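Report on the structure given below.
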Amino acid sequence: MAKHVFLTGPPGIGKTTLIQKATEALKSSGVPIDGFYTEEVREGGRRIGFDVVTLSGRRGTLSRLGSDSSTARREYRVGQYIVDLVSFEHLVLPVLRNVDLGSDTGKNVYVIDEIGKMELFSRSFIQAVRQTLTGSGTTILGTIPIPKGKPLGLVEEIRSRRDVMVFNETDVCVLFAELH
């Protein structure tokens, strides 16, 4: 039986919006919930990066457009974006580490939007997600990318778990339409 639910689909289909609506519904129903989602950052109508926003309202940088010039420090890049791993880990890891794996007083649902290339540069994040997936008292509501190119280890692990249900882009569109 599925314990965790993940949405998958191409960028811009409404996965994050659906996650936000589900989060609001769960909160208003009194379900203990925590986690984070990613949000586009735009400047002058142009996307310049992504932020991470916790359900408690804290915000931090996930990535920003980078220049093509090389720098002396190690950069984590996905396409034209440079990932701010320090900012990401500083914001997200405490949320995931607060999962009380064995207690009824812990949060019941954890939102993880998303588990993608940028987030997977963090080994600590990968470890925290794995621990949350196996936590007896927690359910994850999350998003993962569509398989494209080189498989992402943790994403494929999630897809193959028996306790995970993955809804594809068609399912996401139907679910999103029903919520409107």
Side-chain angles (χ1 to χ4, degrees), residues 1-41 50-62 87-120 122 124-146 152 154-180:
M1 177 160 204
K3 177 180 173 184
H4 308 291
V5 177
F6 285 86
L7 308 176
T8 189
I13 196 162
K15 298 181 300 290
T16 297
T17 302
L18 186 57
I19 290 279
Q20 290 170 327
K21 288 189 176 290
T23 298
E24 290 169 18
L26 290 167
K27 277 183 178 179
S28 68
S29 298
V31 174
I33 188 166
D34 205 353
F36 72 92
Y37 61 91
T38 56
E39 192 172 81
E40 280 188 359
V41 177
F50 297 90
D51 277 356
V52 175
V53 183
T54 67
L55 297 187
S56 64
R58 294 184 59 217
R59 176 181 290 270
T61 301
L62 174 59
S87 172
F88 172 73
E89 289 181 340
H90 178 74
L91 197 61
V92 168
L93 292 179
V95 171
L96 289 173
R97 288 185 178 137
N98 283 336
V99 176
D100 192 356
L101 298 178
S103 168
D104 292 336
T105 62
K107 302 295 184 182
N108 292 344
V109 178
Y110 273 78
V111 172
I112 304 177
D113 172 44
E114 92 177 61
I115 301 171
K117 284 183 183 179
M118 291 184 188
E119 296 82 3
L120 292 178
S122 171
S124 298
F125 174 72
I126 293 169
Q127 186 176 36
V129 170
R130 283 183 176 138
Q131 288 174 336
T132 305
L133 280 165
T134 58
S136 62
T138 61
T139 296
I140 295 177
L141 174 59
T143 63
I144 53 177
I146 290 178
L152 302 174
L154 181 60
V155 172
E156 295 312 308
E157 222 177 278
I158 289 168
R159 286 181 186 283
S160 67
R161 289 178 63 105
R162 291 192 342 218
D163 61 350
V164 168
M165 181 172 289
V166 177
F167 289 94
N168 65 33
E169 64 185 274
T170 306
D171 301 326
V172 171
C173 290
V174 170
L175 288 169
F176 188 71
E178 288 179 11
L179 286 176
H180 268 72

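These figures come from a predicted structure and were not determined experimentally. Sequential numbering from 1 along the given sequence is applied to the chain's residues.
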Fill in the blank from the handout: Heavy-atom closest pair (Ser124 atom, Leu93 atom, distance to 0.1 Å) is CB-CD1, 3.5 Å
Practice task
Take Glu119 and Leu62 through the test side chain to side chain contact (heavy atoms under 4.5 Å, CB included) and record every step on the way to the result.
Solution key: CA-CA 8 Å; Glu119 296 82 3; Leu62 174 59; 3.5 Å; yes
Problem - Value rounded to 0.5 Å, distance of NZ in Lys15 from CG in Asp113 - result: 8.0 Å
Handout entry: Spacing of Ile115 atom CD1 and Glu157 atom CD [to the nearest 0.5 Å]
Key = 10.0 Å
Exercise for the section: Specify the closest pair of heavy atoms between Leu133 and Lys3, including all atoms of both residues, with the distance to one decimal. Expected result: O-NZ, 4.5 Å
Fill in the blank from the handout: Pro145 and Val155 have their tightest heavy-atom pair at CD-CG2, 4.0 Å
Problem - Qualifying salt bridge (Lys or Arg N to Asp or Glu O under 4.0 Å) pairs, either residue in residues 135-146, two or more places apart - result: none
Practice task
Kindly state each residue pair satisfying salt bridge (Lys or Arg N to Asp or Glu O under 4.0 Å) with at least one member in residues 51-62, sequence neighbours excluded.
Solution key: Glu39-Arg59, Asp51-Arg59, Asp51-Arg64
Problem - Spatial distance of atom CZ (Phe50) from atom OG1 (Thr38) [nearest 0.5 Å] - result: 7.0 Å
Handout entry: Separation of Ile112 CD1 from Ile19 CD1 (nearest 0.5 Å)
Key = 10.0 Å
Problem - side chain to side chain contact (heavy atoms under 4.5 Å, CB included) assessment of Ile144 paired with Leu152 - result: CA-CA 10 Å; Ile144 53 177; Leu152 302 174; over 6 Å; no
Fill in the blank from the handout: To the nearest 0.5 Å, atom CZ of Phe6 lies from atom CZ of Arg161 at 8.5 Å
Exercise for the section: Can you measure from CD1 (Ile158) to OG1 (Thr8) and round to the nearest 0.5 angstrom? Expected result: 10.5 Å
Exercise for the section: Mind jotting down which residue pairs meet the ring pair (Phe, Tyr, Trp, His ring centres under 6.0 Å) criterion with at least one end in residues 124-146? Sequence neighbours excluded, please. Expected result: Phe88-Phe125
Fill in the blank from the handout: Test side chain to side chain contact (heavy atoms under 4.5 Å, CB included), reference Tyr37, set Val52, Leu55, Thr143, output is Leu55
Exercise for the section: Would you check if the side chain of His4 reaches a backbone N or O of Val164 as a donor-acceptor pair within less than 3.5 Å? Expected result: no
Practice task
Identify the heavy atoms of Lys27 and Ile33 that sit nearest to each other, and give their distance.
Solution key: CG-CG2, 3.4 Å
Exercise for the section: Among Leu26, Thr23, Thr138, find the one that has a side chain to side chain contact (heavy atoms under 4.5 Å, CB included) with Val109. Expected result: Leu26
Practice task
Output yes when Glu156 and Arg159 qualify as a salt bridge under the 4.0 Å nitrogen-oxygen rule, no when they do not.
Solution key: yes
Handout entry: Student check: side-chain heavy atoms of Thr139 and Val5 closer than 4.5 Å
Key = no
